[in-house]
Amino acid sequence: RAKVAVHYNTSTDSANKVVKEIVDAGGDGITLQGDVTDPEVCRSLVRDTVSHYGQLDVLINNAGGLIRREKVENITEELFSQVIDLNSRSALIATGAAVKQMKKQGRGGAIINVSSIAARHGGAGGSVLYAASKGFISTMTRGFAKELVDDGIRVNAVSPGVIVTPFHDRYSSPELLEKFRATIPMGRLGESDECAGAFLYLASDQMSSYVTGQILEVNGGQFMP
């Protein structure tokens with residue numbers, strides 16, 4: 001059965017709901033709180049997971065956000081740091097901590113990063129900085145896949161398209177979402193559950209043992225690499 005440490009920063013109720021769903025499905029779950037823009041929090045999340053469960057087999061780097069939409073002439077050093085710290089540095093630090101543990105265990109592991117379709121097309125509507133931070137994630141995925149292959153650690157990424165989540169509730173107007181929808185061959189926006197299979201596939205040694213360094217696109221055909 002799956003044993004899952006669910007990280008959150010401020011969404012306490014949502015995190016508790018996820019853990020309840022895990023437990024109700026026969027798994028085991030705990031919540032861990034922390035702001036991953038603090039590098040020490042990234043390291044402590046790995047330590048606390050190992051302290052509770054005794055091992056770490058899979059890391060999913062899912063923390064991220066756009067912060068706010070800004071045109072290039074309005075991007076400040078502060079906004080740059082906020083976006084990069086949240087989307088890029090947190091994944092880098094957490095990956096480093098997880099790799100140390102996985103190497104110590106000596107039986108490999110799986111790291112799954114979350115990129116974005118924006119990393120492919122550069123973003124739109126004031127989201128270029130966010131897109132660039134996700135481009136870092138995609139490049140990091142490929143580079144670490146090669147670096148860690150001899151340790152049996154597979155590194156891949158899931159790259160969602162336009163998925164109906166609180167992210168777009170916060171940052172995208174209905175008009176912008178309609179423009180996105182019009183570019184999607186399936187003719188609709190995606191649901192978060194439609195990404196779940198990609199993560200399960202990449203986490204499973206049985207299903208994806210020969211898969212590393214890949215960016216798995218989940219976007220309704222909006223982008224076909």
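Positions are given from 1 along the sequence. These values consider heavy atoms only, across backbone and side chains, with no hydrogens, waters or symmetry-generated copies.
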* Kindly indicate, with the supporting measurements, whether the criterion side-chain contact (heavy atoms from CB on, under 4.5 Å) is fulfilled by I30 and Y53. => CA-CA 10 Å; I30 60 170; Y53 287 123; 3.8 Å; yes
* Check step by step if side chain to side chain donor-acceptor pair (under 3.5 Å) holds for R154 and S208. => CA-CA 9 Å; R154 297 180 299 106; S208 61; 3.0 Å; yes
* Tell me, with the steps shown, if D151 and M102 meet side-chain contact (heavy atoms from CB on, under 4.5 Å). => CA-CA 9 Å; D151 298 292; M102 290 175 179; over 6 Å; no
* To do: Test side-chain contact (heavy atoms from CB on, under 4.5 Å) on N9 and Q33 and set out the steps.
  => CA-CA 5 Å; N9 185 16; Q33 190 277 333; 3.4 Å; yes
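Contact detail for A131 and A118: the closest heavy-atom pair is CB-O, 3.3 Å. Of all the heavy atoms in A203 and I112, the pair that sits closest is N-CD1, 3.6 Å. Of all heavy-atom pairs between G65 and Y130, the closest is O-CD1, 3.4 Å. Residues L202 and A110 share a closest heavy-atom pair of O-CB, 3.9 Å. A pairwise comparison of heavy atoms in V164 and L189 identifies CG2-CB, 3.7 Å as the closest pair. Of all non-hydrogen atoms in R142 and G213, the two that sit nearest each other are CG-O, 3.7 Å.
Within a 6.0 Å sphere centred on CE of M186, other residues, nucleotides and ligands contribute 12 heavy atoms or fewer. Other residues, nucleotides and ligands contribute over 12 non-hydrogen atoms within 6.0 Å of the CD atom of E73. In the displayed structure, F80 atom CZ is contacted under 6.0 Å by at most 12 heavy atoms of other residues, nucleotides or ligands.
Side-chain contact check for V18 versus Y8: every heavy-atom pair is 4.5 Å or farther apart. Taking the side chain as every heavy atom from C-beta outward, F144 and L92 approach each other to under 4.5 Å. Looking at R69 and L176, their side chains come closer than 4.5 Å, going by heavy atoms from C-beta outward. Residues L45 and V36 have side chains in contact (heavy-atom distance under 4.5 Å, counting atoms from C-beta outward). Counting only heavy atoms from C-beta outward, the side chains of T49 and H7 never approach each other to under 4.5 Å. In this structure, the side chains of L148 and T212 stay at 4.5 Å or more apart for every pair of heavy atoms. In this structure the side chain of K3 never reaches within 4.5 angstrom of the side chain of H52, judged on heavy atoms. Looking at Q105 and D57, their side chains come closer than 4.5 Å, going by heavy atoms from C-beta outward.
Criterion: ILVMFWY side-chain heavy atoms under 4.5 Å apart, direct or through other members. Under it, V50 and I153 are part of a common hydrophobic cluster. In the hydrophobic clustering of this structure, V158 groups with V58; members are Ile, Leu, Val, Met, Phe, Trp, Tyr whose side-chain heavy atoms approach within less than 4.5 Å, directly or through other members. Neither F136 nor V128 shares a network with the other; the hydrophobic side chains, linked directly or stepwise wherever heavy atoms of I, L, V, M, F, W or Y lie under 4.5 Å apart, form separate groups for each. Put simply, V211 and L200 are part of two different groups of oily side chains (I, L, V, M, F, W, Y) that touch within less than 4.5 Å, one to the next. Linking ILVMFWY side-chain heavy atoms closer than 4.5 Å, directly or via other members, places I137 and I163 in two distinct hydrophobic clusters.
In this structure, the side chain of T31 does not engage the main chain of N16 through any donor-acceptor pair within 3.5 Å. With hydrogens and angles disregarded, no donor-acceptor distance shorter than 3.5 Å links the side chain of S51 to the backbone of D48. Judged purely by atom type and a 3.5 angstrom limit, R181 uses its side chain to pair as donor or acceptor with the backbone of G187.
With sequence neighbours excluded, no residue forms a side-chain hydrogen bond (donor to acceptor under 3.5 Å, both in side chains) with K179. With sequence neighbours excluded, the residues forming a side-chain hydrogen bond (donor to acceptor under 3.5 Å, both in side chains) with R188 are E194, listed by chain and number. The side-chain contact (heavy atoms from CB on, under 4.5 Å) check on Q222 picks up I117, V162, T183, I184, N219, with sequence neighbours excluded.
Here I67 contributes atom CD1 and S81 contributes atom OG; the two are 11.0 Å apart, rounded to the nearest 0.5 Å. Atom NE2 of H121 sits about 7.5 Å away from atom OG of S127, to the nearest 0.5 Å. A distance of 10.0 Å separates CD1 of I111 from CG of N156, quoted to the nearest 0.5 Å. Atom NZ in K134 sits 6.5 Å away from atom OG in S115 (nearest 0.5 Å). Distance OG1/T37 to CG/L86: 7.0 Å, rounded to 0.5 Å. Here CD1 of I215 is found 7.0 Å from OG of S159. Values are rounded to the nearest 0.5 Å.
Judged by distance alone, the side chains of S192 and T165 never bring a donor and an acceptor atom under 3.5 Å apart.
Of the residues listed (I93, N87, T95, V114), the one engaging N61 in a side chain to side chain contact (heavy atoms under 4.5 Å, CB included) is T95, and it is the only one.
Ring geometry, H168 versus F180: the interplanar angle exceeds 60°, so the pair is classed perpendicular (tilted spans 30 to 60°).
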